[in-house]
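Every number for a ligand or one of its atoms is a count from 1 in the order of the listing.
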Amino acid sequence: MNLTGRDFLKLADYTPDEILYLIDLAEELKQKKKQGNSHASLAGKNVALIFEKTSTRTRCAFEVAAHDLGMQATYLGPSASQIGKKESIADTARVLGRMFDGIEYRGYGQEIVEDLAKYADVPVWNGLTNEFHPTQMLADMLTIREHFGRLKGIKLVYMGDARYNMGNSLMVTCAKLGMDFTACTTKTYYPEQELTRYCQNLAKETGASITLSENVEESVKGADVIYTDVWVSMGEPDEVWEARIKELLPYQVNRKVMEQAGEKAIFMHCLPAYHDLNTVIGRDVHEKFGLEEIEVTNEVFEGPQSVVFDEAENRMHTIKAVMLATLGE
Ligand code: CP
Ligand code: NVA
C-alpha cells in the first residue's frame with residue numbers, strides 16, 4: 001500500500017483497504033510506542049499545524065506524533081497568522097508548501113481545506129471542518145476494533161446532532177467498512193440527503209446499512225456502540241442552545257439508553273463532552289436551562305461501558321499513521 005503524497009481530507013477519498021491499512025499501521029505504531037521502540041523515521045521533516053478553531057486532542061496528537069516520528073511541528077493558532085484575514089488560503093498554501101513537508105488544517109468549511117490541498121504541493125490533513133473529522137474516524141475505528149476484534153457488522157448508533165462533522169463522518173466510515181450505522185435523532189438533525197444517498201449506495205457494495213430513525217428504543221436495541229457528540233459545535237452561535245436542548249434532550253445518552261442497548265455495548269464520544277458542571281459552558285447552560293449534564297449523563301461517561309479515554313489516546317497513534325503513510329514510510 002503506497003499512500004505517499006496523498007492528502008487526508010475526508011474518508012470518502014479513501015478505499016476501504018486504504019482505511020484499514022491506516023488502522024493497521026496505527027496499531028503497529030501504538031505497539032512500538034508502548035514497547036519504547038524509537039520510530040523517528042521522518043527526522044528532518046517539518047509540519048505546519050493550522051488551527052482556526054481551538055483544540056486539545058487534535059493539536060496534541062499532531063505535535064506528539066510529529067515529535068515521535070522525529071519531525072518538528074509549528075503551531076499556527078486561531079489568531080497567530082495572516083491566514084484568511086490578510087492572505088488567501090491559496091497564497092498561504094503556496095507559502096507553507098515551500099517550507100513544510102505537510103500541513104494540518106482545522107477550521108470551518110470543507111472547501112477551505114480542499115483549497116489548501118489544491119494549492120499546496122505537500123500532503124494536507126484535515127484536523128476537523130464543519131462537515132468532516134476524518135482523523136477522529138481512524139481513532140474511533142481502532143478503538144472499536146480493539147474492543148470487539150472486528151469492524152464489519154458492528155452496529156453503531158449515533159445520537160444527537162447527526163448533521164455535523166461527527167455524524168457525517170461516522171456515517172461515511174461505517175458505509176465504507178461494512179458496518180451498520182443508525183442516526184438516532186429528530187428529522188431536523190438527520191445527515192444531509194445527498195451524503196446519506198452516497199452512503200446508502202456505498203453500503204450496497206460493502207454490506208453496510210444506513211438507518212435514520214427518531215425512535216430511541218428501537219434504534220439502540222442490540223447496538224455495539226452508542227456514540228454522541230456535543231449538541232452545539234465550534235463556530236455555532238450561543239443562541240442555538242435553547243432549541244438544541246429542546247429538540248435533542250430525548251436523545252441524551254443516559255442509563256436507560258445504555259440498558260436498552262445491553263451490557264456488551266460501549267459508549268463513545270469524540271470529546272470534549274458536557275457531562276458535569278466542571279466547564280464554563282456546562283455551568284452557563286445549567287444557569288440558563290437548568291441541565292446538569294447535556295448530551296451524556298455523568299453516570300454513563302464515567303461508567304464501565306465508556307471507552308472515551310482509549311478513544312482519545314488513539315487519536316495520537318492514528319494521526320501518526322496518517323503522517324507516516326502520506327509523508328513516506
Ligand atoms: N476530538 C477532538 O477533535 O478534540 P479536540 O477538539 O480537543 O481536538
Ligand atoms: N462537533 C464538534 C466536534 C469536536 C471534536 C465540533 O465541531 O465542535
Side-chain angles (χ1 to χ4, degrees), residues 8-11 26 47 49-66 73 75-78 104-110 112-113 125-144 158-173 183 185 189-192 195 225 227-238 240-241 244-245 247-248 251-253 267-275 278-282 284-285 294-296 301 306-320 322-323:
F8 190 71
L9 306 177
K10 56 185 184 303
L11 273 259
V47 293
L49 310 178
I50 305 171
F51 281 83
E52 298 209 273
K53 289 176 177 168
T54 51
S55 166
T56 297
R57 276 145 293 273
T58 310
R59 175 190 176 173
C60 295
F62 268 100
E63 291 208 13
V64 172
Y75 172 72
L76 297 164
E104 178 276 353
Y105 174 85
R106 163 173 290 199
Y108 296 87
Q110 179 71 14
I112 303 174
V113 76
W125 311 297
N126 177 0
L128 176 145
T129 58
N130 295 345
E131 292 84 355
F132 296 110
H133 196 3
T135 62
Q136 180 74 49
M137 292 305 102
L138 298 179
D140 293 348
M141 295 307 123
L142 176 60
T143 310
I144 294 171
Y158 180 88
M159 301 180 69
D161 181 7
R163 40 111 254 161
Y164 221 69
N165 42 28
M166 287 305 303
N168 288 345
S169 302
L170 284 165
M171 182 168 72
V172 173
T173 308
T185 185
Y189 295 95
Y190 280 177
E192 191 235 306
L195 189 69
V225 181
Y227 202 119
T228 194
D229 179 22
V230 293
W231 293 343
V232 177
S233 286
M234 288 183 277
E236 295 196 288
D238 284 347
V240 301
W241 269 110
R244 294 286 156 85
I245 289 172
E247 292 164 315
L248 295 178
Y251 300 94
Q252 181 191 60
V253 180
F267 169 71
M268 297 182 76
H269 191 310
C270 55
L271 307 183
Y274 299 124
H275 59 96
N278 295 326
T279 64
V280 172
I281 295 176
D284 198 39
V285 167
I294 310 179
E295 72 275 7
V296 56
F301 186 90
S306 173
V307 298
V308 294
F309 296 108
D310 294 335
E311 201 182 343
E313 178 192 328
N314 283 339
R315 296 297 310 285
M316 201 283 285
H317 306 299
T318 44
I319 280 173
K320 191 185 283 176
V322 170
M323 289 198 287

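- Side-chain atoms of Glu311 and Asp140, non-hydrogen and from C-beta on, do get closer than 4.5 Å to each other.
- Within the 4.5 Å cutoff, the side chain of Lys53 has heavy atoms near those of the Asn130 side chain.
- Geometrically, Arg59 engages Tyr75 in a cation-pi contact defined by less than 6.0 Å to the ring centre and at most 45° from the axis.
- In terms of polar-atom proximity, defined here as any N/O pair under 3.5 Å, Asp229 does make such a contact with ligand 2.
- Panel note: side chain Ser169, backbone Met166; no donor-acceptor pair is recorded below 3.5 Å.
- Protein heavy atom nearest atom 8 (O) of ligand 2, with residue, atom name and distance: Met234 N, 2.8 Å.
- Within the structure, the closest approach of Val232 to ligand 2 does not fall below 4.0 Å when heavy atoms are considered.
- Of the protein's non-hydrogen atoms, Arg57 NE, 2.8 Å is the one closest to atom 4 (O) of ligand 1.
- Ion pairing between Glu131 and Lys10 fails under the 4.0 Å rule for side-chain N and carboxylate O.
- At a threshold of 4.5 Å between non-hydrogen side-chain atoms, the residues Thr135 and Phe8 count as touching.
- In this structure, Tyr227 and Ile144 have side chains that are not in contact, with every pair of non-hydrogen atoms separated by 4.5 Å or more.
- Here the closest non-hydrogen pair linking Gly127 and Glu104 is CA-OE2, 3.2 Å.
- Under the 4.5 Å side-chain criterion, counting only non-hydrogen atoms from C-beta, Asp284 is not in contact with Trp241.
- Taking every non-hydrogen atom of Thr56 and a distance limit under 4.0 Å, the qualifying atoms of ligand 1 come out as 5 (P), 7 (O), 8 (O).
- Any N or O atom pair closer than 3.5 Å counts here, and His133 shares at least one such pair with ligand 1.
- Against a heavy-atom cut-off of under 4.0 Å, Leu128 is close to the following atoms of ligand 2: 3 (C), 4 (C), 5 (C), 7 (O).
- Those atoms of ligand 1 that come under 4.0 Å of a heavy atom in Cys270, given as number and element, are 1 (N).
- Atom 7 (O) of ligand 2 has its closest protein heavy atom at Asn165 ND2, 2.9 Å.
- Any N or O atom pair closer than 3.5 Å counts here, and Ser233 shares at least one such pair with ligand 2.
- When each atom of ligand 1 is checked for a heavy atom of Arg315 under 4.0 Å away, the hits are 1 (N), 2 (C), 3 (O).
- Of all the atoms in ligand 2, the ones that sit under 4.0 Å from a non-hydrogen atom of Leu271 are 5 (C).
- In terms of N/O distances under 3.5 Å, ligand 1 is not approached by Leu128.
- Considering only non-hydrogen atoms, atom 6 (O) of ligand 1 lies nearest to Arg106 out of Arg106, Lys53, Gln136, Met234.
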